[in-house]
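Input: a single structure, listed below in structure tokens.
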Amino acid sequence: VLIAGASGLIGSFMTDILMECNRSRNADITVYALDRDMARIAERFDEIKTEKLIYIEGDVNTVPTFDYPVDYIIHAASNAYPAAFSKDPIGTIEANLIGTKRLLDYGREHGLKRFLFVSSGEVYGQMPADTPMFLENMSGYVDPLQVRSCYPLSKRLAENYCVAFARQYGIETVIALGEYVGAGIPASILGALTGAIITESVYNVPGTGRLLTNAINAYDNSVIVGVTLFYALLSVISLILGDILMSLVDPRISFSSKAR
């Protein structure tokens, strides 16, 4: 199994699962962990490293320099946080389009049986405000003239590329999409972000809900620390304001140090 983007949230979780299958069920699965940063792969997986886990340093946008037979490929390599969509829109598009092509071509030449493309719920686009719920076969509006659209539009096209590749070359392709909150995200953060994520998803309003989950997915530590501190500060301010309001509405509460 070749996993592209192995140090990311989904890629690392899939790697953990496959290695656990080897450990607990003797699955005998060889996992090729592909990532642009060898040090990051080693830091993430050295504790579970065996001869069945092979590190590969490389970029999905370039022609692969390795030569391993593969039965399955999981493409989870992509910019997935809003800051990258503005700073590196070309890189975002290339990882989804060129990266998908490179991996499918490699698989076709090396015995690939099935290809899994990790897409995103953002491909649904912006739905009308009066839409109570939508189905997977529905498609909302995405403005092609907005730089921010580099992510959902390239994901959409990559999905179609997978479908076309399967039809033309007979290799099974699978698309996994939808909003997710995966392993590695603390429950306390999930509770704080639930309302924000729902609001941003329903009304398509940018905010800190998706910002933090996307930063965790991309291991963007500076954004993670900044947003976490923001929520912590907001919580402290809310507690202080709550105490002040309670003293105003309840005469039995006082900040005076004198005993009554």
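Shortest non-hydrogen contact noted between G125 and V142 is CA-CG2, 3.6 Å. When every heavy atom of D37 is checked against every heavy atom of E57, the shortest pair comes out as CA-OE2, 4.1 Å. A4 and L103 make their closest contact through CB-CD1, 3.8 Å (heavy atoms, listed as atom of the first residue, atom of the second, distance). Of all heavy-atom pairs between F117 and C162, the closest is CB-SG, 3.8 Å.
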How far apart are the C-alpha atoms of S78 and Y151, what are their side-chain angles, what is the distance that settles it, and do they pass the side chain to side chain contact (heavy atoms under 4.5 Å, CB included) test? CA-CA 9 Å; S78 173; Y151 183 68; 3.7 Å; yes
I would like to know whether S7 and D35 meet side chain to side chain donor-acceptor pair (under 3.5 Å); could you show each step before the answer? CA-CA 7 Å; S7 69; D35 198 270; 2.6 Å; yes
D16 and R44: CA distance, side-chain angles, deciding distance, salt bridge (Lys or Arg N to Asp or Glu O under 4.0 Å) verdict: CA-CA 10 Å; D16 287 336; R44 177 62 178 80; 2.5 Å; yes
Verdict with supporting geometry, E94 and S154, side chain to side chain contact (heavy atoms under 4.5 Å, CB included): CA-CA 8 Å; E94 288 180 344; S154 60; over 6 Å; no
The test is salt bridge (Lys or Arg N to Asp or Glu O under 4.0 Å); show your working for R40 and E43 and say whether it passes. CA-CA 5 Å; R40 188 165 54 188; E43 180 181 3; over 6 Å; no
Evaluation steps, side chain to side chain contact (heavy atoms under 4.5 Å, CB included), between F66 and Y32: CA-CA 10 Å; F66 48 91; Y32 303 104; over 6 Å; no
May I have the step-by-step check of side chain to side chain contact (heavy atoms under 4.5 Å, CB included) for F115 and V174, ending in yes or no? CA-CA 6 Å; F115 182 90; V174 179; over 6 Å; no
As a quick check of understanding, evaluate salt bridge (Lys or Arg N to Asp or Glu O under 4.0 Å) for K52 and D28, giving each step before the final call. CA-CA 8 Å; K52 288 295 182 179; D28 196 32; 2.7 Å; yes
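Side-chain N or O atoms of T173 include none that pairs as donor or acceptor with a backbone N or O of A166 at under 3.5 Å. Between the side chain of R102 and the backbone N or O of N61 there is at least one donor-acceptor pair closer than 3.5 Å. Under the 3.5 Å distance criterion, the side-chain polar atoms of D71 are left unmatched by any main-chain donor or acceptor of L112. Judged purely by atom type and a 3.5 angstrom limit, H75 uses its side chain to pair as donor or acceptor with the backbone of A95. Side-chain atoms of K113 never come within 3.5 Å of backbone atoms of V70 as a donor-acceptor pair (strictly under, hydrogens ignored). Of the possible donor and acceptor atoms, one in the side chain of T62 sits under 3.5 Å from a partner among the backbone N and O of D59.
Using a 4.5 Å heavy-atom threshold, the side chains of Y68 and Y106 count as touching. For the pair K101 and D105, the minimum side-chain heavy-atom distance is below 4.5 Å. Side-chain contact between V147 and F85: absent, with no pair of heavy atoms (C-beta onward) separated by less than 4.5 Å. Looking at heavy atoms from C-beta onward, V236 lies in side-chain contact with I240 at the 4.5 angstrom threshold. Counting heavy atoms from C-beta outward, I74 and L2 have side chains that stay 4.5 Å or more apart. P152 is not listed as a side-chain neighbour of Y124, based on a closest heavy-atom distance of 4.5 Å or more. No side-chain heavy atom of V60 sits under 4.5 Å from any side-chain heavy atom of I98.
The CG atom of L53 lies 9.0 Å from the CD1 atom of I41; values are rounded to the nearest 0.5 Å. In this structure, T15 OG1 and I17 CD1 are separated by 10.0 Å, a value rounded to the nearest 0.5 Å. We find the CG-OG1 distance between L157 and T100 to be 9.0 Å, quoted to the nearest 0.5 Å. In this structure, CD1 on I29 lies 9.0 Å from OH on Y72, to the nearest 0.5 angstrom. Note that the CD1 atom of I93 and the CG atom of L153 stand 8.0 Å from one another [nearest 0.5 Å]. If you take CD1 on I10 and CG on L116, they are separated by 9.0 Å, rounding to the nearest 0.5 Å.
Counted by atom type alone, D67 and H110 present one or more donor-acceptor pairs between their side chains at under 3.5 Å.
Neither L97 nor Y161 shares a network with the other; the hydrophobic side chains, linked directly or stepwise wherever heavy atoms of I, L, V, M, F, W or Y lie under 4.5 Å apart, form separate groups for each.
Between E20 and R23, at least one side-chain N (NZ, or NE/NH1/NH2) sits under 4.0 Å from a carboxylate O, which counts as a salt bridge.
With a 6.0 Å cutoff to the six-membered ring centre and a 45° limit on the axis angle, K49 counts as a cation-pi contact of Y55.
With E122 as the fixed residue, the salt bridge (charged side-chain N to carboxylate O under 4.0 Å, His left out) test singles out one of R156, R148, K155: R148.
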